[in-house]
Every structure is written in structure tokens, then in C-alpha cells.
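In the text below, chain A, chain B and the rest are named by the order of the sequence lines, each starting its count at 1.
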Protein chains: 2
Amino acid sequence: MAELALVLLLVGLVPTGAVWPQPQLVRESPGRCRLSPGRFRFGYARSSAVGPGCAVLDQAFRRYWRLLRDAGPRAPEDTRPWEPLCAELLVSVATPHCDGFPNMDSVESYKLSTSEDLSLLSSESVWGALRGLETFSQLVWRDEDGMFYLNKTDIVDFPRFAHRGLLLDTSRHYLPLRAILETLDVMAYNKFNVFHWHIVDDPSFPYESAAFPELSRKGAYNPATHVYTLNDVKLVIEYARLRGIRVISEFDTPGHTLSWGPGHWTLCSVACDFILLLSLACRRSNPEIQAFMQQMGFGQDYAKLESFYIQRLLDIISSYGKGYVVWQEVFDNGVKVKPDTIIHVWRENAGPYQQEVARVTKAGYRALLSAPWYLNRISYGQDWQTAYQVEPLEFEGSLEQKELVIGGEACMWGEYVDVTNLTPRLWPRAGAIAERLWSNKTVTDLQDAYIRLADFRCTLLRRGIQAQPLFTGYCDAEYSGF
Amino acid sequence: MAELALVLLLVGLVPTGAVWPQPQLVRESPGRCRLSPGRFRFGYARSSAVGPGCAVLDQAFRRYWRLLRDAGPRAPEDTRPWEPLCAELLVSVATPHCDGFPNMDSVESYKLSTSEDLSLLSSESVWGALRGLETFSQLVWRDEDGMFYLNKTDIVDFPRFAHRGLLLDTSRHYLPLRAILETLDVMAYNKFNVFHWHIVDDPSFPYESAAFPELSRKGAYNPATHVYTLNDVKLVIEYARLRGIRVISEFDTPGHTLSWGPGHWTLCSVACDFILLLSLACRRSNPEIQAFMQQMGFGQDYAKLESFYIQRLLDIISSYGKGYVVWQEVFDNGVKVKPDTIIHVWRENAGPYQQEVARVTKAGYRALLSAPWYLNRISYGQDWQTAYQVEPLEFEGSLEQKELVIGGEACMWGEYVDVTNLTPRLWPRAGAIAERLWSNKTVTDLQDAYIRLADFRCTLLRRGIQAQPLFTGYCDAEYSGF
């Protein structure tokens with residue numbers, strides 16, 4: 001028998017046009033229009049610095065139009081002629097850049113104003129316009145007859161943190177390309193902007209390097225089927241770019257990395273995985289390393305060897321104009337790194353992570369938070385709430401220190417996760433972290449979050465995403481991909 | 001960064017033709033034949049009491065032949081002509097019954113002997129033949145070139161426990177019919193023989209009753225889409241029968257149940273869900289109930305009312321020739337029940353469940369174990385091992401008491417489970433319980449179980465089942481349904 005839980009079931013109380021993550025400012029006014037997908041259009045405002053031909057927005061218009069069209073069965077379009085029709089959404093972007101990549105300094109703010117004849121979305125950059133389009137798509141709601149409506153609404157929105165990432169691990173289990181692309185779709189629905197691709201690690205090396213093909217030939221689970229080619233990686237980067245997402249490809253650094261040469265570092269920026277510490281330990285018995293350490297005057301001080309290695313690696317990366325992120329051990333072990341290094345705080349077991357964030361920022365480094373957001377760790381019940389209740393700036397430190405927290409990442413490590421359970425385990429749980437990193441600090445009401453997140457999960461199902469339920473209940477359109 | 005786990009990766013060490021759950025006796029001899037699906041046939045032995053026209057076996061032959069055919073890409077059939085070809089599997093069933101339903105006393109034992117010219121499967125009943133066919137299908141293995149082989153093997157097999165069940169909850173979340181049918185398929189792969197269908201409960205009433213249509217019209221999440229018709233239920237029962245699985249449909253008994261009349265109890269046997277206790281509590285304020293209690297001479301003793309209710313319910317069920325299972329509270333509350341009642345032990349929080357099993361069997365009732373097997377409860381890591389390490393007879397009691405433990409059930413309650421996450425959460429975790437209930441008491445080696453279960457999970461992927469991984473690694477044929 002199932003244990004009794006006396007819970008207020010809130011299904012059905014969702015306000016029309018709820019948005020996840022919650023925008024910074026939402027003002028609804030009386031009035032609404034009916035949105036007929038067949039007669040609605042997305043377009044560029046005359047004032048816009050970008051126009052047709054801007055791939056990022058051209059393609060986004062098509063994607064969001066299709067999401068409207070495929071949002072489920074609906075009533076015939078010609079009924080209710082007395083209701084005003086929503087005509088179009090015009091987008092106005094202030095800066096003319098279209099073909100670049102999003103970066104740490106990208107401006108993602110936007111303003112959205114919907115009304116019957118014309119809805120207007122204005123933003124500084126195309127990336128902000130992408131965020132606004134997602135918000136717009138969530139404002140559209142359906143009545144019981146399947147009619148689409150849009151309430152008159154004004155929104156001013158911007159992210160609280162610049163770095164809002166999600167980590168996938170393709171080494172412990174290989175993930176097919178399609179699963180990665182779908183994840184990028186859902187990341188965009190959640191306004192995530194960094195895909196941290198932990199592409200290789202100890203268990204397998206799925207990256208098919210043109211310069212060092214033996215790495216995947218010997219290291220992949222199956223070099224014919226369980227690999228990512230250079231073209232696959234390029235595809236992921238472009239697919240992500242079109243959704244305003246940066247890709248950080250992380251290459252683990254086992255002993256033979258120094259021999260790779262810099263050929264591959266040009267692809268994307270690099271986070272150094274400090275499995276390296278282990279590698280180094282293995283090297284102690286290596287006479288070449290011993291000789292090298294004597295030659296460099298390191299004596300038996302392995303910390304100096306590690307510092308040397310990392311400095312050299314970061315130099316190489318810098319020379320390609322790329323930034324870098326290191327896992328917290330590099331900082332913990334006192335390795336000398338450049339002042340602009342980003343320290344990724346991940347440990348939960350070595351004292352509260354808040355103390356680590358305090359230490360890192362006190363030393364003047366930028367911090368990225370993942371410790372409380374290991375989504376691969378599952379527990380029974382609504383564990384999204386634990387992730388949601390994290391406040392990244394809740395640590396002892398000055399205002400300057402708080403400003404050094406650039407954001408965080410949800411992590412989905414692959415020990416127990418492959419394509420069979422990735423999507424339901426990620427969504428909507430990662431959404432809790434997406435809202436924490438995007439929305440205002442004051443957005444903390446769990447009950448309100450439950451209502452909106454449960455509704456957002458139904459939206460994900462309508463969009464074909466196999467997102468698991470938060471709790472007992474149902475969606476009008478259940479998952480149809482089964 | 002992912003925490004380091006120094007684990008021996010055992011992938012690749014799987015013995016050819018490993019079977020899950022482990023048969024009672026397996027003897028391999030030198031010698032093997034090559035199995036070419038196109039030239040292999042399943043058939044009835046001359047000695048068999050059943051033959052062509054026996055739907056249970058006719059259809060099973062087709063299913064297992066298709067599983068062979070669809071087991072993945074393979075080398076051209078005409079290569080390696082020097083190797084002996086496996087010719088056919090003949091089945092001999094001793095008793096001539098074909099059209100009945102499996103029941104508590106069904107004999108599921110079988111003997112299987114494979115060799116190059118002829119493999120023979122003999123059993124007392126068609127149900128035993130089904131178990132043997134599944135075993136046969138798992139004995140077939142593939143070499144690196146995709147060739148199928150069958151080692152010369154003799155197997156004597158029978159279940160340790162008669163009742164090996166799985167519970168699905170279709171009230172907290174509706175599960176589409178296809179998900180239920182797929183679950184029955186995978187149950188058969190695991191030699192489960194009871195599908196406990198917790199069809200209705202407080203959150204929703206998806207059963208579309210012909211006599212009381214208002215129950216689902218008002219009680220289903222959506223009476224158009226979230227319901228099971230009588231035909232659906234019949235289909236499930238027949239689909240299960242063809243796989244040697246009994247269906248126990250459980251109808252929750254809220255206050256208005258007495259008014260249903262016995263019209264629906266003919267479908268299947270009934271387990272009384274003691275949400276009833278709550279119902280009864282609600283009734284205290286009901287003047288009709290008060291009057292009835294006075295009339296019956298119960299005074300204010302609600303336990304007497306409860307006993308009366310349950311006795312009457314069980315009488316009705318008995319009159320239809322059906323057995324019944326009650327949740328342990330009925331026993332715990334001292335309600336008088338018939339001596340042949342089966343008590344379902346589910347509580348984990350009121351002292352160790354072993355004590356409850358001891359009490360139930362000491363009182364002479366048969367016990368069914370679920371307390372340690374709530375698969376809806378998840379935790380991080382390889383939690384299948386916890387379920388696997390349960391020994392159902394490990395409680396203080398006489399030999400007679402031990403014989404009263406008829407088996408157990410894996411439970412998948414639906415608070416956090418719907419069609420999006422059901423399959424990966426069930427499989428292969430429920431397999432741990434399947435083996436505990438089928439295999440010999442001595443089959444307890446975790447490392448051996450890991451190897452076989454990981455291999456069985458790869459088999460499930462080949463059969464199109466979205467079963468999640470046990471740990472880091474891969475399968476030759478990954479899940480293709482994504």
C-alpha cells in the first residue's frame with residue numbers, strides 16, 4: 001500500500017501564461033487576443049539592427065512558430081470571429097551582430113510587450129531576443145476548447161547570473177548526438193546558456209581526433225558507433241549557438257595529454273579535469289618525470305610540477321584567446337593560476353561548499369557553483385526543491401566577493417545515466433536550477449514554483465520531451481513519444 | 001568533477017548464454033551449434049499433450065522466433081558451412097490444458113536440453129513451457145561477427161516461490177495501455193507471474209465501469225483519454241495469460257463501494273486496499289452509519305464495523321470463486337478474516353518487516369512480501385543490490401511458517417512515476433526481485449549477479465526496452481527507441 005500523503009493538489013490552479021524561469025518583471029493588463037498559429041507571424045521591426053538573413057533569429061522564428069502549430073489539437077480557426085486576433089510579434093535588436101558566438105559578456109536582457117494588434121520584443125542582442133521568444137512562447141495559453149490566447153502583458157527581463165550551465169558526461173556512458181541536441185533544445189526552453197560537455201574521461205574516449213585517431217580507436221567503447229567526430233562537435237556547437245548557448249568542451253588530462261600538442265584546443269574553451277592529480281601520482285615512478293623534475297629544480301615537490309603543468313596548459317589555452325575553468329582542487333592544492341581563472345566549486349563532502357565559495361572569491365577568483373546541483377544524485381520525492389532552495393550568494397563575504405560568483409552549473413554525471421534515463425532524470429529537475437540562476441533573488445516561494453514548474457513540465461511534454469512528473473497528477477497532453 | 005570510484009569493470013566477462021533469473025540447475029557440455037534464425041524452427045514434440053492450435057504456445061513460438069530474428073545485425077547466413085546448425089526446439093507438455101488461466105497452483109517447472117540436431121523442452125504445463133522458452137532465448141549468444149550460437153546445455157528449473165508479482169499504480173498517474181502491455185512483456189522475460197494492477201485509488205478512478213459510469217466520468221483525470229475500458233482490462237488479462245501471468249486487479253474501497261454491488265467483482269480477484277480505514281473514519285459523522293452500528297449492536301466499536309465490512313466483502317468475493325489478498329493493516333487491526341486470506345506485508349516503518357512476516361505466518365496466514373521491494377523509492381547508486389540481498393525466509397519461525405510465505409511483489413507506486421520514467425525506473429531493478437523469487441536460495445553472489453544482470457539489461461535493450469544502466473559501461477546494441 002502506498003503511504004498516505006495529505007497534500008494539496010494544485011493542478012488546475014495554474015495562472016494563464018505562467019513563465020519558467022520567472023521573469024524579473026511581469027505586468028498583466030486587462031485584455032487578450034486569440035492567437036491563430038496559421039495567421040500569426042514572427043518578424044523584424046523596422047527599427048531592428050538585424051533583419052531577414054540573420055540565421056539565429058530566422059531559425060528561432062521557425063522553431064517557435066512550429067511549437068505553436070504543434071502545441072496540440074485545437075478548435076477550427078474560423079470560430080469566434082468576434083474575438084480580436086493576435087497579429088504578429090515584431091523583434092527589434094539594437095546591435096547588428098548575428099554571426100558571432102555567445103560569450104560571458106553577452107547581454108541577454110529583453111523587453112516584451114504583447115497586445116492584440118502587435119506584440120513587440122526588443123533587446124540589445126540577438127541572444128536577448130532568443131530569451132524573449134521563449135518567454136513569448138510560454139505566454140500563449142490554451143482554453144478548454146484548445147483555443148490559443150495571449151494576455152496583454154509587459155515584461156522586463158534579464159538574467160541574475162551570466163553563467164547558467166548544464167554538464168553532460170559522455171565518457172561514463174556514450175550519449176547519441178540526438179540526445180545532446182534535444183538537451184540543447186530543453187536548455188534553451190529553460191534559458192540555460194552554457195553547455196559544459198564533459199566529453200572524455202577515464203572510462204572512455206569518444207572524441208574521434210583527426211590528429212590522434214588512436215585515442216578513440218583504443219579508448220572509445222566502440223570506435224565505430226560510440227564516437228563523436230569533429231563534424232559532430234561542430235554540429236553541436238552550431239546547434240547550441242543558434243539557441244544562445246556556449247559550448248565548453250572539457251578534455252580530461254591523463255598522462256599522455258602533454259603529447260597531444262595544441263592542435264585541438266582551438267575548438268572550444270577548456271576546463272581542466274583534475275583527474276590530473278591522479279595522473280601525476282602515477283608518474284612518480286616514471287624516470288623521465290623524475291629526471292624532468294631534477295632538471296627544473298622541483299626536487300621532490302610535486303605541487304611545483306603540477307603548477308608547472310597547469311600554468312603551461314593555461315598558457316597554451318590563452319594563446320588561442322580562450323578562457324578557462326578549473327575544478328576547485330587546483331585552487332585547494334595551492335597551484336598558482338592566472339588571476340582570471342574561474343574556479344568550479346563542486347565538492348560537497350569537504351566542508352560546506354559555501355566556505356569554498358568564500359575562500360575562492362576572497363582570493364579574488366571568479367567562482368562557479370555546482371556543489372549542491374549534482375542532478376545525477378537522486379533521492380526519493382521532490383528533490384528539485386533542494387536544488388531550488390540554494391542561494392548562491394549565501395556565504396560570508398564582501399559585496400565584491402559576491403560579484404565574483406558568475407553563476408552555476410547543473411551536473412549530470414554519467415555513472416548511472418545513459419540515453420535510457422537521461423531526459424526524465426534531467427527534466428524538469430534541472431529547471432529548478434535554471435530559475436535559481438535566472439530569476440530574481442526574491443523568487444523563492446516553493447508552492448508558487450511547484451505550480452509553475454508542473455505547468456512548465458506539461459509544456460515540455462507537449463514539445464515532445466520525456467520530462468518526468470513532479471508529483472501525482474496529469475497533463476492535458478501526456479508524453480506521446482512512448 | 002565526478003567522484004572517483006575504483007571499481008572493477010566487469011563488462012566483457014559475461015559467460016556465453018547467461019540466464020536471468022538463474023535457473024536451478026545448469027550443466028554445460030562441450031559442443032555448440034550455430035543458430036540461423038531463418039533456418040531454425042520451434043515446434044511441438046510428438047509426445048506433447050498439446051500441439052498446434054494451443055494459442056499460448058503457438059504465439060510464444062512466434063514471439064521468441066521474432067526476438068531471435070530482430071536481435072541485431074548479423075553475418076550472412078551461408079558463411080561457416082562447416083559448423084553444425086541448430087535445427088529446432090521441440091516442446092513437450094505433459095498436461096493438455098491450453099485455454100485456462102495461470103493460478104497459484106500452476107506448475108512452472110521445465111527441463112531444457114539443447115544440442116545441435118535437436119533441442120528439447122519438456123514441462124508439466126504450458127506455463128512451464130513459457131518459462132523454458134524464455135530461458136532458451138537467453139541461452140542464444142552472439143560472437144563478435146554477429147553469429148548466433150547455442151552451447152550444449154542441460155537445465156532443470158523451477159521457481160522457488162509460487163507468487164512472483166509486480167504492482168503498477170494507475171491512479172496516481174495514468175499509464176497508457178501500451179506501457180502496461182510492455183511491462184507484461186518484460187515481466188515474462190524476468191519470469192514474473194503476477195501482475196498486481198492497482199487500478200484505482202484516491203487521486204483518480206480510471207476504470208470505466210459500465211454499471212457505474214459516473215465513477216470514471218467524475219473520478220478519472222480525463223474521462224475521454226485517461227480511462228481503461230472493460231475491453232482494455234480484458235485485453236490486459238489475455239495479454240498477460242499468453243505470457244503466463246495472472247492479473248490481480250485491485251479496487252480501492254472508498255465509502256461508496258458497498259453500493260457498487262457485486263457486478264464488477266467477477267473480472268478478477270481483489271485485494272482490498274485499506275484506505276478503507278480512512279473511509280471508515282470519515283463515516284463516523286455519518287448518521288446512517290451511526291444508526292447501522294446501533295442496529296448491528298456494534299456500539300461505538302469501529303473495529304467491529306470494519307470486520308463486518310471486510311467479512312462481507314470477502315464473502316462476496318468467495319461466492320465468485322475468487323481468492324483475495326489484504327494489506328497487512330487488516331491483520332494488524334485484528335479484523336477477523338478467513339483462514340485462507342493472504343496477507344500482503346508492505347510496511348517498512350513499523351518495526352522490521354521480518355517480525356510482521358513472523359506474526360502473520362504464526363497466526364497461520366499466508367504471507368506475501370513487498371516491504372523491502374518498493375521500487376518507486378529510489379536512491380543514488382546500485383540500489384538493485386539492496387533488493388537483491390533480501391532473503392524472504394529470514395525471520396524467526398518454524399518450518400511450517402516458512403512454507404506460508406508464498407512469494408513477494410515488486411511495487412512501483414505512482415506518486416513520482418508515469419509513462420515518462422516508468423520503464424527505466426523498473427528495469428532492470430525489478431529483475432533483482434525476480435531472481436530472488438525464482439532462483440535458488442544459494443544464488444546470492446553480488447558480483448556474479450552484477451555480470452549477469454548487466455548482460456540481461458543489454459538483452460532488454462536489444463528487445464527495445466528502455467532499461468537503465470547498472471553502472472558505467474555500454475552495450476553492443478544500445479537503446480534505439482530514442
Candidate pair Phe471(A) and Arg172(B), rule side-chain contact (heavy atoms from CB on, under 4.5 Å), full reasoning:
CA-CA 8 Å; Phe471(A) 193 56; Arg172(B) 287 170 182 83; over 6 Å; no

By a 4.5 Å heavy-atom criterion (distance strictly below it), what part of His226(B) contacts chain A: side chain, backbone, both, or neither?
side chain

Do you know which of Asn222(A), Val417(A), Asn376(A) has the most heavy-atom pairs with chain B at a distance under 4.5 angstrom?
Asn376(A)

Which bit of Thr423(B) is near chain A, if near means a heavy-atom gap under 4.5 Å: side chain, backbone, both or neither?
side chain

Which is it for Asp383(A) and Tyr416(B) under the side-chain contact (heavy atoms from CB on, under 4.5 Å) test, yes or no, and what are the steps along the way?
CA-CA 11 Å; Asp383(A) 62 355; Tyr416(B) 305 104; over 6 Å; no

How long is the span from the OH atom in Tyr221(B) to the CD atom in Glu478(A), to the nearest 0.5 Å?
9.5 Å

Using modelled atom types and a 3.5 Å cut-off, is there a donor and acceptor pairing between side-chain atoms of Gln466(B) and backbone atoms of Thr420(A)?
yes

Based on non-hydrogen pairs under 4.5 Å, which of Ser379(B), Ser171(B), Gly381(B) is most in contact with chain A?
Gly381(B)

Which residue out of Asp418(B), Leu461(B), Leu422(B), Thr225(B) racks up the most heavy-atom pairs below 4.5 Å with chain A?
Asp418(B)

His173(B) (side chain) donor-acceptor with Pro469(A) (main chain) under 3.5 angstrom
no

When you look at Asn421(A) and Tyr479(B), which way does the side-chain contact (heavy atoms from CB on, under 4.5 Å) test go after all the steps?
CA-CA 10 Å; Asn421(A) 56 359; Tyr479(B) 179 63; over 6 Å; no

Verdict with reasoning, Tyr174(B) to Tyr474(A), per ring-ring contact (aromatic ring centres under 6.0 Å, His included):
CA-CA 7 Å; Tyr174(B) 178 81; Tyr474(A) 71 107; 9.9 Å; no

Side chain, backbone, both or neither: which part of Leu470(B) has an atom under 4.5 Å from a heavy atom of chain A?
backbone

Does anything in residues 177-186 of chain B get under 4.5 Å of chain A by heavy atoms, and if so which residues?
Arg178(B), Ala179(B), Glu182(B)

Against chain B, work out which of Gly414(A), Ser370(A), Ala467(A), Pro176(A) has the most heavy-atom pairs shorter than 4.5 Å and name it.
Ala467(A)

